[in-house]
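Below is a structure I'd like to ask you about.
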Amino acid sequence: MKVELSRHYQYKHLVLTVIPSILMFLVTSVYSIVDGLFVSNYAGTTPFAAISLIWPGIMLIGSLGIMIGTGGAALVAKTKGEGNLQRANEIFTMLIRLAVIGGILLSILMFTFMRPLSQVLGAEGQMLSDCVTYGRILSVSFTPFLLHLMFNSFFMAAERPALGTKLSVVCGVTNMILDFLFIAIFHWGIAGAAIATAIGQAIGGLYPLYYFASQRNKSSLHIVPTRFDWKSIRQSCLNGSSEYVGNIALSIVSICYNVQLIHYIGEDGVATYGILMYVAYIYAAVFIGYNVGVSPIISYHYGAGNRQELHSLLVKSLVILSVGGTALTLMAELLSRQTSAIFVGYDPELLDLTTRAFRIYMVSFMICGINLFVSAFFTALNNGVVSALAAFTRTLIFEVGAVFLLPHIIGIDGIWWSVDLADLLALIMSIILLAHFRRRYGY
């Protein structure tokens with residue numbers, strides 16, 4: 001499927017255009033939880049809790065790929081909208097080189113410091129050993145992991161979103177099959193889960209590198225000879241800083257949740273939160289996929305000076321995400337116990353705890369899609385500072401504050417209500433930001 005960034009989008013066209021990006025992130029989210037599903041059912045609660053504990057630390061660094069991808073795709077699409085395709089390709093190529101170099105350096109650092117990182121996150125005993133095993137294996141594939149996260153944003157800018165969807169399916173099926181073999185058949189436990197994930201990430205990162213450099217590439221983006229232009233790199237990173245700050249904040253929030261849960265509930269609390277994160281990522285993938293799909297379109301029309309289309313895209317997006325968020329929340333509430341049972345059906349007490357947490361936590365999806373979009377909207381407008389402010393405030397200030405305050409007021413349930421309160425406060429801030437910058441950007 002080839003899309004045209006320059007066209008006018010009605011509701012039907014907009015939904016059809018972003019569906020491949022949504023499917024791409026849905027598939028990615030599904031295969032990202034397969035590790036947890038197999039480990040929880042075949043290896044036990046402790047290894048599952050170890051993955052839940054160490055994953056935020058890994059994503060704390062892996063978010064660099066998201067930053068480069070989202071910020072770079074916004075700049076590339078804007079440059080295309082200005083009519084300078086050659087310059088867009090040069091920026092694209094520079095960012096790929098940056099991800100490769102950064103990935104190699106981070107692989108070395110992650111492998112070397114995985115044990116102290118795990119200890120800082122609170123792991124000890126067998127959980128510490130499992131965290132180190134899982135983290136060190138994944139650190140080996142860190143370069144393709146960064147590329148995979150980066151290219152997810154560039155497929156739409158290249159007007160080839162369906163290619164990203166197909167690649168995600170291949171990565172997902174590969175990971176699922178290998179998880180079954182390594183964990184359920186070979187009984188490699190948490191090491192098998194890490195190896196399966198690393199191989200899936202390698203496919204997701206290396207194939208696009210080959211595609212964009214090969215003669216098979218029929219898209220508008222190509223790897224071309226160029227030198228490093230630090231101004232463009234800084235601008236791309238600044239554009240994507242909101243996604244990086246948001247993911248850093250999310251990782252820090254996850255660490256704070258785990259600290260509180262270990263204090264109030266223990267290992268079962270960490271396992272419950274891990275399940276929430278896995279399932280929430282599936283639901284959030286709809287919003288993330290929508291934002292990745294629509295952002296290059298917004299950037300293109302911003303670069304082309306088409307303010308009327310900017311307004312149209314903003315209004316249509318808010319309507320679509322409001323309806324979608326309500327539907328996802330209802331679905332999550334209705335399927336809360338069945339979903340929890342997939343992971344911990346073998347433990348009735350843990351199942352009850354997870355189901356209750358699920359029903360409280362998932363209320364946030366009624367409005368969080370709008371908050372995520374507002375941050376992505378300003379990234380698409382190449383205003384990384386405002387975008388970062390929206391993302392940073394929502395997670396690191398509102399949610400961290402709530403997760404430490406609410407348990408003192410309403411008990412353990414306050415931990416699960418924290419995200420709902422944070423998203424409500426973030427929605428108020430999103431409305432204020434959109435109103436404040438409306439005249440500046442003409443939307």
>> Quick one, I412 with L261, criterion side chain to side chain contact (heavy atoms under 4.5 Å, CB included). Give me CA distance, side-chain angles, the key distance, then yes/no.
In response: CA-CA 8 Å; I412 293 174; L261 289 166; 5.7 Å; no

> Of the non-hydrogen atoms in R394 and D423, which two are nearest, and what is the gap between them?
Replying inline: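 Scanning both residues completely, I find the closest heavy atoms to be NE-OD1, 2.7 Å.
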
>> Distance check, rounded to the nearest 0.5 Å: Q235 atom CD versus L75 atom CG?
In response: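 So the gap between those two atoms works out to 4.5 Å.
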
>> Counting C-beta onward and ignoring hydrogens, is there a side-chain heavy-atom pair between I397 and L425 closer than 4.5 Å?
In response: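 Answer no - side chains too far apart.
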
>> With side chain to side chain contact (heavy atoms under 4.5 Å, CB included) as the criterion, how do Y207 and F151 come out once you've worked through the C-alpha distance, each side chain's angles and the decisive distance to 0.1 Å?
In response: CA-CA 10 Å; Y207 177 79; F151 282 123; over 6 Å; no

> Do side-chain atoms of S107 reach the backbone of S139 as a donor and acceptor pair under 3.5 angstrom?
Replying inline: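 Looks like yes, one N/O pair under 3.5 Å.
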
> So, T46 versus Q126: side-chain donor-acceptor pair below 3.5 Å or not?
Replying inline: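 Side-chain D/A pair, T46 to Q126: absent.
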
>> When you compare the side chains of S153 and T70, does any donor N or O come within less than 3.5 Å of an acceptor on the partner?
In response: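 Per modelled atom types, S153 and T70 side chains form no pair under 3.5 Å.
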
>> Any heavy-atom pair between the side chains of M156 and V294 that's under 4.5 Å?
In response: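 They are not in side-chain contact.
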
> Between F155 and P208, what is the shortest heavy-atom contact and its length?
Replying inline: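 For F155 and P208, the tightest heavy-atom pair comes out as CZ-CG, 3.9 Å.
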
> About how many Å separate CG of L389 and CG of L433, when rounded to the nearest 0.5 Å?
Replying inline: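 Nearest 0.5 Å value for the CG-CG distance: 6.0 Å.
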
> Is there a side-chain contact between S232 and M94, using heavy atoms and a 4.5 Å cut-off?
Replying inline: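 They are in side-chain contact.
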
> At what distance, to the nearest 0.5 angstrom, does CD1 of I22 lie from CD1 of I288?
Replying inline: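 One finds 11.0 Å between CD1 of I22 and CD1 of I288.
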
>> Which residues pass the ring pair (Phe, Tyr, Trp, His ring centres under 6.0 Å) test with F111, not counting sequence neighbours?
In response: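 F111 satisfies ring pair (Phe, Tyr, Trp, His ring centres under 6.0 Å) with no other residue.
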
>> Let me confirm one number: the CG-NE2 distance from L167 to H148, rounded to the nearest 0.5 Å.
In response: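 These two atoms lie 6.5 Å from each other.
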
> Are L310 and L381 side-chain neighbours, meaning at least one heavy-atom pair lies under 4.5 Å?
Replying inline: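 L310 vs L381: side chains touch.
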
> With sequence neighbours excluded, what pairs up with F92 under the ring pair (Phe, Tyr, Trp, His ring centres under 6.0 Å) test?
Replying inline: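 Ring pair (Phe, Tyr, Trp, His ring centres under 6.0 Å) check on F92 returns F154, F212.
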
>> Other residues, nucleotides and ligands only: do more than 12 of their heavy atoms fall within 6.0 Å of CZ on R337?
In response: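 Count over threshold, so yes.
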
> Going by the side chain to side chain donor-acceptor pair (under 3.5 Å) test, which pairs reach into residues 375-391, not counting sequence neighbours?
Replying inline: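 Pairs touching residues 375-391 that pass the test: N239-N382, S242-T379, S242-S387, E243-T379, S375-S387, T379-S387, N383-Y441.
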
>> Does either side chain, that of Y283 or that of T329, offer a donor lying less than 3.5 Å from an acceptor on the other one?
In response: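 Result is no, nothing qualifies.
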
>> Does R438 have more than 12 heavy atoms from other residues, nucleotides or ligands lying within 6.0 Å of its CZ?
In response: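 Open: at most 12 neighbouring heavy atoms sit under 6.0 Å from CZ of R438.
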
>> For I104 versus T143, what's the shortest heavy-atom pair and its separation?
In response: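 Distance-wise, the nearest heavy atoms are N-OG1, 3.1 Å.
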
> Which atoms form the tightest heavy-atom contact between A193 and V39, and what is the distance?
Replying inline: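 Smallest heavy-atom distance, with atoms named: CB-CG2, 3.7 Å.
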
>> For S141 versus Q201, what's the shortest heavy-atom pair and its separation?
In response: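 Smallest heavy-atom distance, with atoms named: OG-OE1, 3.1 Å.
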
>> Would you say that L314 contacts L434 through its side chain, given a criterion of any heavy-atom pair below 4.5 Å between the two side chains?
In response: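 Yes - at least one pair of side-chain heavy atoms lies under 4.5 Å apart.
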
> Who passes side-chain contact (heavy atoms from CB on, under 4.5 Å) against N306, sequence neighbours left out?
Replying inline: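 So N306 forms a side-chain contact (heavy atoms from CB on, under 4.5 Å) with H301, Q308, E309.
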
> V286 versus F365: any side-chain heavy-atom pair under 4.5 Å?
Replying inline: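 The answer is no; the side chains never approach within 4.5 Å.
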
> Parallel, tilted or perpendicular: which fits the ring planes of W188 and F182, with parallel below 30° and perpendicular above 60°?
Replying inline: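 Ring orientation, 0 to 90° scale: parallel.
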
>> Could you go through Y273 and W416, starting from their C-alpha distance and side-chain angles, then the distance that decides it, and tell me whether this counts as side chain to side chain contact (heavy atoms under 4.5 Å, CB included)?
In response: CA-CA 9 Å; Y273 183 66; W416 313 124; 4.3 Å; yes

> Taking everything shown except E124 itself, do over 12 heavy atoms lie less than 6.0 Å from its CD?
Replying inline: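 Not more than 12 within 6.0 Å, no.
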
> S312 versus Y9: any side-chain heavy-atom pair under 4.5 Å?
Replying inline: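 Sidechains of Y9 and S312: no contact.
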
> Stepwise, does the side chain to side chain contact (heavy atoms under 4.5 Å, CB included) test hold for D420 with M366?
Replying inline: CA-CA 9 Å; D420 303 313; M366 191 171 296; over 6 Å; no

> Any chance the rings of F437 and F378 have centres within less than 6.0 Å?
Replying inline: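 Between F378 and F437, which both carry aromatic rings, the centre distance is below 6.0 Å.
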
>> Taking side-chain contact (heavy atoms from CB on, under 4.5 Å) as the definition, give me every residue that meets it alongside V15, ordered by chain and number, with sequence neighbours left out.
In response: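 Checked V15 against side-chain contact (heavy atoms from CB on, under 4.5 Å); matches are I19, I320.
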
> Could you state the interatomic distance from CG (L147) to CG (L95), rounded to the nearest 0.5 Å?
Replying inline: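 L147 atom CG to L95 atom CG measures 11.0 Å (nearest 0.5 Å).
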
> Just wondering, are more than 12 heavy atoms of other shown residues or ligands nearer than 6.0 Å to CZ in F113?
Replying inline: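 No, CZ of F113 has 12 or fewer neighbouring heavy atoms, counting only those of other groups under 6.0 Å.
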
> For P20, does its backbone N or O pair with a side-chain atom of T165 as donor and acceptor, under 3.5 Å?
Replying inline: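 The answer is yes, because a donor-acceptor pair under 3.5 Å joins these two groups.
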
>> To the nearest 0.5 Å, what is the distance between SG on C237 and CE on M67?
In response: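 CE of M67 is found 4.0 Å from SG of C237.
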
>> Looking at every non-hydrogen atom in both residues, tell me the closest pair between Y257 and S418 and how far apart they are.
In response: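 In terms of heavy atoms, the two residues are closest at OH-CB, 3.4 Å.
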
> Are the side chains of S236 and I91 in touch, meaning some heavy atoms are under 4.5 Å apart?
Replying inline: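 Yes; the side chains approach each other to less than 4.5 Å.
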
>> Using the side chain to side chain donor-acceptor pair (under 3.5 Å) criterion, which residues pair with R359? Sequence neighbours excluded.
In response: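 By the side chain to side chain donor-acceptor pair (under 3.5 Å) rule, R359 matches S336.
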
> Are the aromatic ring centres of F377 and Y443 under 6.0 angstrom apart?
Replying inline: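 Ring centroids of F377 and Y443 are less than 6.0 Å from each other.
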
